[in-house]
Amino acid sequence: MYITRSCVVWSVGGVLLTDPSPAQLSTLRAGIDYALVAPPRSKPDQWGEIHCCPFPVTLTYDTDEPNAAACVRDIELRYPCAGAARASTPLFADRAGQPYSHGFLGALLHAALTFLYGSSVASLYTFHSYRRQALQAPRQGASPAFADTPALAVTPTSPQPAQPAPPIDRPAAGATAFIPRECWPDEPCLEHNGAGWTVLVRSVTRHTAVVDFPY
């Protein structure tokens, strides 16, 4: 599922518009008018749950750059879309009007992270892992590169009831390891009687590890 034009509702002059005209969008007032973006429900995960965003994101329009609402407004003006077509037209699309592929966006993220932090850091992250670690970083006091993540708790030893300490001997790439439930206490766990997950280690650095969940 991807964000479509119908996921965007504009507040212009105090009126909510689900199908704004170019003339209406041309009258946006800085600091007053805004766009509400409500992503559609996303893919179900391996436990059959369906993830969705219960609240829209508010993008207040401003003339200062960069401004997200101004960028969305420019898309609406350059590529007008009205009526029923808004429900299937991607908000972010390529020249052919198709949603960007996973491969294209992954390469874009890798290029941005390489520019900011170098190739060694960029090789560790995908959009999924970057999002999770970005949410956890403020709570953990991590740096922008999100070095201090739950991956520190990956350990090849047996499940432990207490909060795990960072391992001394790190698992090598290709090895299996155990991640205690305490790392993600809100996630359902159907392995090891709920004590944690068996993972396959893809790569390891001094501070992080990239893992796959095979089960």
Side-chain angles (χ1 to χ4, degrees), residues 1-4 7-8 30-31 34-40 42-43 45 51 53 55-76 78-79 90-96 98-155 164-167 170-175 177 179 183-184 186-187 199-213:
M1 205 67 182
Y2 51 84
I3 297 177
T4 65
C7 295
V8 182
Y34 55 89
L36 296 173
V37 183
S42 60
K43 64 177 180 63
D45 64 11
H51 302 279
C53 180
F55 305 107
V57 176
T58 301
L59 306 177
T60 303
Y61 172 75
D62 208 328
T63 54
D64 294 336
E65 295 184 357
N67 179 260
C71 292
V72 175
R73 186 275 315 268
D74 290 346
I75 292 174
E76 296 265 30
R78 292 172 185 170
Y79 309 99
L91 178 59
F92 306 109
D94 59 19
R95 292 179 181 272
Q98 297 300 310
Y100 290 110
S101 68
H102 179 274
F104 177 86
L105 293 177
L108 195 64
L109 175 64
H110 186 273
L113 291 178
T114 299
F115 177 79
L116 292 171
Y117 307 117
S119 59
S120 60
V121 172
S123 64
L124 300 176
Y125 298 103
T126 65
F127 265 111
H128 187 273
S129 65
Y130 189 84
R131 177 195 64 185
R132 184 188 72 239
Q133 290 152 4
L135 290 173
Q136 292 169 337
R139 184 175 68 249
Q140 298 175 343
S143 66
F146 310 126
D148 298 319
T149 70
L152 285 170
V154 175
T155 169
R170 299 180 183 278
I179 295 184
C183 294
W184 296 291
D186 296 330
E187 292 291 336
V199 298
L200 177 64
V201 180
R202 293 176 53 193
S203 62
V204 179
T205 69
R206 180 180 178 185
H207 296 293
T208 64
V210 178
V211 301
D212 285 329
F213 291 80

Output, in order, the C-alpha distance, side-chain angles, deciding distance and verdict of side chain to side chain contact (heavy atoms under 4.5 Å, CB included) for Asp212 and Arg202. CA-CA 7 Å; Asp212 285 329; Arg202 293 176 53 193; 3.1 Å; yes
For Val199 and Phe213, run side chain to side chain contact (heavy atoms under 4.5 Å, CB included): C-alpha distance rounded to whole Å, both residues' side-chain angles, the deciding distance at 0.1 Å, then the answer. CA-CA 5 Å; Val199 298; Phe213 291 80; 3.6 Å; yes
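Annotation for Ile75 and Leu91: closest pair CG2-O, 3.6 Å, computed over non-hydrogen atoms. When every heavy atom of Cys7 is checked against every heavy atom of Ile3, the shortest pair comes out as CB-CG2, 3.8 Å. Taking both residues in full, the closest heavy atoms of Ala173 and Ser203 are given as CB-CA, 4.2 Å, listed atom of the first, atom of the second, then distance.
Taken to the nearest 0.5 Å, the NE2 atom of His110 stands 9.0 Å off from the CG atom of Leu124. From Thr4, atom OG1 reaches atom CZ of Phe92 across 11.0 Å, with rounding to the nearest 0.5 Å. Here CG of Leu36 is found 5.0 Å from OG1 of Thr58. Values are rounded to the nearest 0.5 Å.
Residues forming a ring pair (Phe, Tyr, Trp, His ring centres under 6.0 Å) with Phe104 (at least two apart in sequence, or on another chain): Tyr100.
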Kindly list each side-chain donor-acceptor pair under 3.5 angstrom involving residues 63-73, sequence neighbours excluded, with atom names and distances?
unit_1: Asn67; atom_1: OD1; unit_2: Asp62; atom_2: N; d: 3.2
unit_1: Asn67; atom_1: OD1; unit_2: Ala69; atom_2: N; d: 3.3
unit_1: Asn67; atom_1: OD1; unit_2: Ala70; atom_2: N; d: 2.8
unit_1: Asn67; atom_1: ND2; unit_2: Thr60; atom_2: O; d: 3.1

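The closest side-chain heavy-atom distance from Val37 to Pro56 is not below 4.5 Å. Considering only heavy atoms from C-beta on, Val211 comes within 4.5 Å of Ile179 through its side chain.
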